[in-house]
Protein chains: 2
Amino acid sequence: MTPPPAPSDAVAIELNAVLVALTANQPLVLTLEDGTLLPSGPFATEHPTLQSGLRAWVERQTNHPLGYVEQLYTFADRNRPGSDGRQRVVSISYLGLTRERLSAGARDPEWRSWYRYFPWEDWRTGPSPLIAQTILPKLATWAEAGGDAASRHERRQRVEVSFGDGAESWNEDLVLQRYELLYEAGLVPEAKQPAADPVPGMPMRHDHRRILATGIARLRAKIKYRPVFFELMPPEFTLLQLQRTVEALAGRPMHKQNFRRLIDAQGLVEPTGASSAEARGRPAKLFRFRREVVLERAVLGSKLPLSRPI
Amino acid sequence: MTPPPAPSDAVAIELNAVLVALTANQPLVLTLEDGTLLPSGPFATEHPTLQSGLRAWVERQTNHPLGYVEQLYTFADRNRPGSDGRQRVVSISYLGLTRERLSAGARDPEWRSWYRYFPWEDWRTGPSPLIAQTILPKLATWAEAGGDAASRHERRQRVEVSFGDGAESWNEDLVLQRYELLYEAGLVPEAKQPAADPVPGMPMRHDHRRILATGIARLRAKIKYRPVFFELMPPEFTLLQLQRTVEALAGRPMHKQNFRRLIDAQGLVEPTGASSAEARGRPAKLFRFRREVVLERAVLGSKLPLSRPI
DNA sequence: GCTGTAATGCTCATTCTTAGTATAAATCAT
DNA sequence: ATGATTTATACTAAGAATGAGCATTACAGC
């Protein structure tokens, strides 16, 4: 029942990183090879821990500290997309948040908005028209082709739960669930038997778009109870900038006054005394993140009003 | 920047499982070798995915389906406790919930209450006296030995955040944080430089108690937004049994009427029509879990009132 | 000074939580 | 059979948190 773990014959360890930054209200992710791959670094043997290796590698590349690192998931499946089925590949993926971009305009390591990969996830200006116009009809077709009545009913229910009706009841956390449903329905080019006309959204190689979906989903869930979004902010910022950042991540708009009340009530920020004269109207006060709160208040919820479905 | 992952020279894949069951209101975890180890199975090459391998292995051992499986964490650290520092061990741990115990009274695979390993985590009958009487004084000593004033202040703050004051403001989710603090303070026998008189609580070999702490923490966090605790229940149960289960996991008491209202309001259960005559008082109605809700309501919060600190 | 724009202050209705009290239906001891 | 005890279940009132919106302030440019 408990044999000692034997060294597996042929095992490769692969690390994938979902590195997130934010510029001009766009959530960016670091990609390689024309946006088709997530970065995989040679961290395997350098550092005592994987996380420290990842951190060092990113900081070397971007010249900026990696604010927050979290392990996402480990895949070790034989039938993983992209593996040849013979050698076992253990793929460990991480989510990292950083503040600055590396060499802007560079061709290879390139920051891209994650909504290029998941255009239907951006509801900041209201329900994404993609869903009602393109995705739901295709998924309906798929559901009706589902074999017996019970199977069709189950498919319909899964569509309904993941995507809602296209207008209300949107749950922004279900990024991975939605991608996997589209994958299963053959509506993304990566699928095993892809449909002739997949849904819009740029694919990636191997299972990297799936890993990216995992990262986005994790981050969207995280900001509801932990104020990690400060890791994406400059040292000083206005409350509207902060709100735009959260909205960019969550992919949905927020009520301005209530957002301020919440941030304020939790003591997450303190005024620097200065004001910003960037925009046209009344100048906004500048704030900085009160790092102490993380120590003061244990788990510390950022408690954003994002839990409620739209 | 993106070398292909090379097969690492000597890599062993080890799987650890935190398998949880529940009997007589005690949260149980499956252990080996007199309670000093978590089970590690030889899943590496059998199955297409790790998770299916784990599931098959547990179901073979316990003759009961594994209700819920979730990956906990992957360690691949060179300096991981228990590794010899030469060969890299990748340790992937899982959390699994099951309903029935295997061979009761068996000597080796043995179910043990997790509160044997973390006695300070059980606040079901009020604040654990261990904390105020034993742990906080020891941690205070450790904090005062912390070098300069800033370092001492930081230590004090970490103690305060993790353990509170021993009477109020208990956050049951911080299981791992508390264990790691005790580890760092040398107050557990596993620590690198253990104190002469560690805190009560049974140790485990390698880093298995740390993995167990990770599992408990994850489960305590999970039940707040996902009703996984039903996986620990028999097919039919009374609402008080359900409450006792949640209390056993969370390690804290709940308000009976409000608990019922919440379960009810979310449509998590339906009456079977029968009643239980187990106890002395008025017979309780029996309920069963409405598995449909998981499909009906996407993420589905169990929304237990556990978020508020005591 | 007037107008446009954004920041900020404040209110109010609604819902969710918390912490009860009250009542019902059984068993147990006598 | 009776009352004490135990457990289940219904109901309520106060308070906190949330969602939505109106009102006011502070600046830039004309």
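Here is how names work: the chains are called A, B, and so on, in the same order as the sequence lines, proteins then strands, and each is numbered from 1.
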| field | Any side-chain donor near an acceptor of the partner, B/K224 and A/Y225, under 3.5 Å | value | no

| message | Which nucleotide wins on minimum distance to the side chain of B/A284, given the candidates D/dA8, C/dT8, D/dA26? | response | D/dA8

| query | Out of D/dA26, C/dA24, D/dA20, which nucleotide sits closest to the side chain of A/R282? | reply | D/dA26

| d(CD, A/Q257; P, C/dC12) in whole Å | 16 Å

| message | Closest approach to the side chain of A/N258, judged atom by atom: which nucleotide of C/dA19, D/dA20, C/dA7 is it? | response | D/dA20

| query | Rounding to a whole Å, what distance do you find between A/R260:CZ and D/dT18:C1'? | reply | 18 Å

| remark: A/L240 CG to C/dT5 P, in whole Å, measures 15 Å

| field | side-chain hydrogen bond (donor to acceptor under 3.5 Å, both in side chains) evaluation trace for B/E231 with B/Y68 | value | CA-CA 7 Å; B/E231 307 294 350; B/Y68 177 81; over 6 Å; no

| query | Would a 4.5 Å heavy-atom cut-off, applied to side chains only, mark A/Q243 and A/L240 as touching? | reply | yes

| message | Does the plane of the ring in B/W123 sit parallel, tilted or perpendicular to the ring in B/W170? Use 30° and 60° as the thresholds. | response | parallel

| note | Considering only heavy side-chain atoms of B/K256, the closest of D/dT9, D/dC27, D/dG21 is D/dT9

| message | Parallel, tilted or perpendicular: which one describes the rings of A/F230 and A/F237, with boundaries at 30° and 60°? | response | tilted

| field | Separation of D/dT9 P from B/Q243 CD (nearest whole Å) | value | 12 Å

| request: In whole angstrom, give the distance that lies between atom CG of A/D264 and atom C1' of C/dC10. | output: 13 Å

| Of A/P283 and A/R261, the one whose closest DNA chain D nucleotide lies more 5' | A/R261

| request: Round to the nearest Å and state the distance from B/F237 atom CZ to D/dT7 atom P. | output: 20 Å

| Interatomic distance, A/M254 CE vs D/dG21 P [rounded to whole Å] | 16 Å

| request: Using whole Å, report how far CZ of B/F287 lies from C1' of D/dA8. | output: 10 Å

| query | Nearest to the side chain of A/K285, which nucleotide is it out of C/dT21, C/dT8, C/dA7? | reply | C/dT8

